[in-house]
Amino acid sequence: MGTQNILWSYSKKIFTCGLIGLTISDRYASLAAVRGASMSPTFNPSTSSLLDDYVLVEKLCLSTYKFSHGDVVVFSSPQNHKERHIKRIIGLPGDWVGIRHSSDVFRVPQGHCWVEGDNPASSMDSNTFGPVPLGLVQGRVTHIVWPPQRLGAVEKRVPEGRVSSL
């Protein structure tokens, strides 16, 4: 009888911790791996490294969809909702964005944002699939948490001369 009580008590604790962890990762914050070189040098600056950067994704911003130019966000791909991408917001609703490698400009529609990778040579971003609906954004990247030597806040920056807010 004692073994059953110990197992039952242990199972309840694991289940409770699991529910708390799931709530935190769903509502408040989670960790995400940054794969590939599309956000280099901000993330994964060394191509020779076998370790990916891991980042803290803050989700409280989703309640109001208040984002700023230069925020790095995690979002579901507009082309394949099973894929997640990490890119920098260049344009917000109503902004005019200069298309990379072109003289064209594009107005970001309401409820959307324009995202781009920091490394244009290897980035699949809004220049490929167009503006991203804000509803696909899953959170804002605030800090690099792994590897330890790169621990720190993520800098907000926007390429100059690419965005005009009228």
Side-chain angles (χ1 to χ4, degrees), residues 25-26 28-147 149-166:
S25 70
D26 186 50
Y28 304 109
S30 64
L31 296 178
V34 182
R35 309 245 187 258
S38 70
M39 285 299 291
S40 182
T42 304
F43 306 122
N44 298 334
S46 173
T47 56
S48 62
S49 173
L50 298 175
L51 294 175
D52 291 327
D53 284 357
Y54 281 80
V55 295
L56 181 65
V57 180
E58 177 260 320
K59 297 182 178 183
L60 294 174
C61 61
L62 298 177
S63 63
T64 58
Y65 289 103
K66 294 266 185 189
F67 298 104
S68 303
H69 295 96
D71 282 346
V72 176
V73 294
V74 177
F75 62 95
S76 294
S77 168
Q79 297 174 327
N80 180 356
H81 296 301
K82 293 180 182 178
E83 292 180 9
R84 290 190 333 168
H85 295 285
I86 298 178
K87 306 290 181 210
R88 189 175 303 277
I89 292 180
I90 303 299
L92 294 167
D95 286 349
W96 290 92
V97 179
I99 307 297
R100 193 184 294 147
H101 308 300
S102 170
S103 60
D104 295 338
V105 292
F106 180 86
R107 185 162 193 183
V108 181
Q110 289 300 316
H112 291 72
C113 62
W114 190 269
V115 297
E116 293 183 356
D118 289 353
N119 181 2
S122 68
S123 182
M124 191 165 153
D125 51 31
S126 288
N127 289 290
T128 306
F129 46 71
V132 174
L134 289 173
L136 294 181
V137 175
Q138 298 174 350
R140 176 185 312 142
V141 175
T142 60
H143 291 80
I144 298 172
V145 296
W146 186 263
Q149 65 271 20
R150 295 190 24 79
L151 186 70
V154 175
E155 176 187 343
K156 286 186 182 186
R157 56 188 163 90
V158 181
E160 291 194 26
R162 296 279 315 284
V163 180
S164 173
S165 301
L166 296 177

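Every heavy atom of this structure was used, including side-chain atoms; hydrogens, water molecules and symmetry mates were not.
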**OP:** Grab the two heavy atoms, one from Asp52 and one from Trp146, that are nearest each other, plus how far apart they are.
**Re:** O-CD1, 4.0 Å

Original post:
Looking at His81 and Pro78, what are the two nearest heavy atoms and their distance?
Top reply: CE1-O, 4.2 Å

**OP:** Measure the NZ-OG1 distance between Lys59 and Thr142 for me, rounded to the nearest 0.5 Å.
**Re:** 12.0 Å

**OP:** Could I get the full list of side-chain contact (heavy atoms from CB on, under 4.5 Å) partners for Ile99, not counting sequence neighbours?
**Re:** Ser102, Asp104, Phe106, Trp114, Asn127

Subject >> Thr128 side, atom OG1; Glu116 side, atom CD - distance, nearest 0.5 Å >> reply: 9.5 Å

Original post:
In Å and rounded to the nearest 0.5 Å, what is the CD to CZ distance from Glu83 to Phe75?
Top reply: 10.0 Å

Subject >> Candidate list Val57, Val115, Val72, test side-chain contact (heavy atoms from CB on, under 4.5 Å), partner Ile86, passing option >> reply: Val72

Original post:
Salt bridge between Asp118 and Arg157, side-chain N to carboxylate O under 4.0 Å?
Top reply: yes

**OP:** Using the side chain to side chain contact (heavy atoms under 4.5 Å, CB included) rule, take Leu56 and Leu31 through it: C-alpha gap first, then chi angles, then the decisive distance, then the call.
**Re:** CA-CA 5 Å; Leu56 181 65; Leu31 296 178; 4.1 Å; yes

Original post:
Counting only N and O atoms by type, is there a donor-acceptor contact under 3.5 Å from the side chain of Asp95 to the main-chain atoms of Leu92?
Top reply: yes

Original post:
With a 4.5 Å limit on heavy-atom distance, are the side chains of Val132 and Ser126 in contact?
Top reply: yes

**OP:** To the nearest 0.5 Å, tell me how far Cys113 SG sits from Leu134 CG.
**Re:** 5.0 Å

Original post:
Of the non-hydrogen atoms in Pro131 and Pro133, which two are nearest, and what is the gap between them?
Top reply: O-CD, 3.8 Å

**OP:** Taking the side chain as every heavy atom from C-beta outward, state whether Leu151 and Ile144 have any pair of such atoms under 4.5 Å apart.
**Re:** no

**OP:** Might you point out which heavy atoms bring Arg150 and Pro41 nearest each other, and give the distance in Å?
**Re:** NH2-O, 4.3 Å

Original post:
Does Ser123 offer a backbone N or O that forms a donor-acceptor pair with the side chain of Ser38 under 3.5 Å?
Top reply: no

Original post:
Any donor-acceptor pair under 3.5 Å linking the side chain of Asn44 with the backbone of Gly36?
Top reply: yes

Original post:
Can you tell me how far CZ of Arg140 sits from NZ of Lys66, rounded to the nearest 0.5 angstrom?
Top reply: 11.0 Å

Subject >> CG-NE2 distance between Asn80 and His85, expressed to the nearest 0.5 angstrom >> reply: 7.5 Å

Original post:
Is the side chain of Asn119 donor-acceptor paired with the backbone N or O of Ser40 at a distance under 3.5 Å, no angle test?
Top reply: no

**OP:** Go through the side-chain N and O atoms of Gln138 and Ser76 and say whether any donor and acceptor fall under 3.5 Å apart.
**Re:** yes

**OP:** Would you check if the side chain of Arg88 reaches a backbone N or O of Met39 as a donor-acceptor pair within less than 3.5 Å?
**Re:** no

